[in-house]
Amino acid sequence: MTGPRCRRKQRPSGRPGPRGTRAPQHPTPDAGWTARRAAGAAGAEARGRDLPPQRKPAKPTAPAKGRPERGDFVQLPVPIIQQLYHWDCGLACSRMVLRYLGQLDDAEFEQALQELRLTRSIWTIDLAYLMRRFGVRHRFCTQTLGVDKGYRSQSFYRKHFDTEETRVNQLFAQAKTCKVLVEKCRVSVQDIQAHLAQGHVAIVLVNSGVLRCDLCSSPPKYCCFTPSGPRCFCRSPDYQGHFIVLRGYSRAAGCVFYNNPAYADRMCSASISNFEEARTSYGTDEDILFVYADS
């Protein structure tokens, strides 16, 4: 298989720069998919954006009451963009991040998806290449530099494991040449909080069957994955990969704030213990893509 294009595309002067899932799901979509996706993305973004476009990411904010110490409370104004299908949460998260950085151009985003050959099988390494394509400073931390062969027996990965294994391993092998920063390392909650406290954000792969939002009132609390109707994986004992965007935390409440691309109308919150359980579940490789606001 031909490797990804590593050379960054030159942008016209005067124009601002700009694994959801690690879920092998389906073969390449039909020819009209790109056009439908572009139209749908505009509508989903219009419905889901809870804040006006940010040309520059705002500094972390603290609540008016209580006056906590700096770094004890962070809630970044990351816009909410809903995913269009059950498989594109990683792409929706990337759109949120690029919008937060003031670098999202819909036409260029669609072009980038074509250049990187991103269709219905999105892994975290794909999102790292996407950040690089837009010139965004990033750091992808994972426990496995490539594909864990043990995932072959997992229902979530099984269907297209053989074809995806070759493609994903090739992306890892070419990462350094393509200036995609990948590290095999373990990340702590303190590392994540320090990153967010600087006004940066992160895309995290979690087990959706484990993660629970404490702000969503109607049970089950973590469902959807498709705008046409709910598809609940909450009671499934198997791993179900899903990408979210971390946007803050509260030390006093012991929680993290995040955008779930499954929803268009809310910010979510989970206890740190629950978040840690969801992001370290077998199947995630503890993947986290740190994105820097000073890109």
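In terms of the side chain to side chain donor-acceptor pair (under 3.5 Å) criterion, residue partners of D126 (sequence neighbours excluded) are, by chain and number, R167. Qualifying side chain to side chain donor-acceptor pair (under 3.5 Å) partners for R251, counting only residues two or more places apart in sequence or in other chains: D72, Q193. Applying the side chain to side chain donor-acceptor pair (under 3.5 Å) criterion to S273, with sequence neighbours excluded, gives S271. Applying the salt bridge (charged side-chain N to carboxylate O under 4.0 Å, His left out) criterion to E277, with sequence neighbours excluded, gives no partner residue. Checked against ring-ring contact (aromatic ring centres under 6.0 Å, His included), H200 has the following partners two or more places apart in sequence or in another chain: H195, Y292. Every side chain to side chain donor-acceptor pair (under 3.5 Å) that D191 has, sequence neighbours left out, goes to S188.
In this structure, R99 CZ and I81 CD1 are separated by 6.0 Å, a value rounded to the nearest 0.5 Å. Atom OH of residue Y263 and atom CD1 of residue I80 lie 12.0 Å apart, to the nearest 0.5 angstrom. Here the CD1-OG distance, from I244 to S208, works out to 10.5 Å after rounding to the nearest 0.5 Å. Here C141 contributes atom SG and D287 contributes atom CG; the two are 9.5 Å apart, rounded to the nearest 0.5 Å. Expressed to the nearest 0.5 Å, how far CZ of R247 lies from CE of M267 amounts to 5.5 Å. Expressed to the nearest 0.5 Å, how far CG of L181 lies from CE of M131 amounts to 14.0 Å.
Using a 4.5 Å heavy-atom cutoff, the side chains of W123 and V147 are in contact. Residues Y258 and V206 fail the side-chain proximity criterion, which asks for heavy atoms closer than 4.5 Å.
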Using the side-chain contact (heavy atoms from CB on, under 4.5 Å) rule, take D285 and L205 through it: C-alpha gap first, then chi angles, then the decisive distance, then the call.
CA-CA 8 Å; D285 282 331; L205 180 64; over 6 Å; no

side-chain contact (heavy atoms from CB on, under 4.5 Å) between R279 and E276: does it pass, once the steps are laid out?
CA-CA 5 Å; R279 80 174 185 92; E276 283 293 278; 2.4 Å; yes

Start with the C-alpha distance between V187 and E286, add both sets of side-chain angles, then the distance that settles side-chain contact (heavy atoms from CB on, under 4.5 Å), and finish with yes or no.
CA-CA 8 Å; V187 177; E286 299 186 27; over 6 Å; no

Would you check, one step at a time, whether the test side-chain contact (heavy atoms from CB on, under 4.5 Å) holds for N260 with H242?
CA-CA 9 Å; N260 175 4; H242 189 55; 2.7 Å; yes

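Listed for the N207 side chain is no donor-acceptor partner under 3.5 Å among the backbone atoms of Y282. Checked by atom type and distance alone, the side chain of Y239 never pairs as donor or acceptor with a backbone atom of G209 at under 3.5 Å. Between the T144 side chain and the G146 main chain, no donor and acceptor come within less than 3.5 Å of each other. Panel note: side chain D88, backbone L91; no donor-acceptor pair is recorded below 3.5 Å. The backbone N or O of L116 sits nowhere less than 3.5 Å from a side-chain atom of Y129 that would complete a donor-acceptor pair. Formation of a donor-acceptor pair under 3.5 Å by the Q143 side chain with backbone atoms of C185 is found in this model.
The two residues G90 and L127 have their closest heavy-atom pair at O-CD2, 3.6 Å. The two residues A112 and R133 come nearest to each other via the heavy atoms CB-CG, 3.8 Å. Nearest heavy atoms, N259 versus V78: ND2-O, 3.1 Å. Among all heavy-atom pairs drawn from L101 and A293, the shortest one is CD2-CA, 3.6 Å. Residues N274 and A270 share a closest heavy-atom pair of OD1-CB, 3.9 Å. In plain terms, the two heavy atoms of A197 and V74 that are nearest each other are CA-CG2, 3.9 Å.
Note: F257 and F73 meet the aromatic proximity criterion, with ring centroids under 6.0 Å apart.
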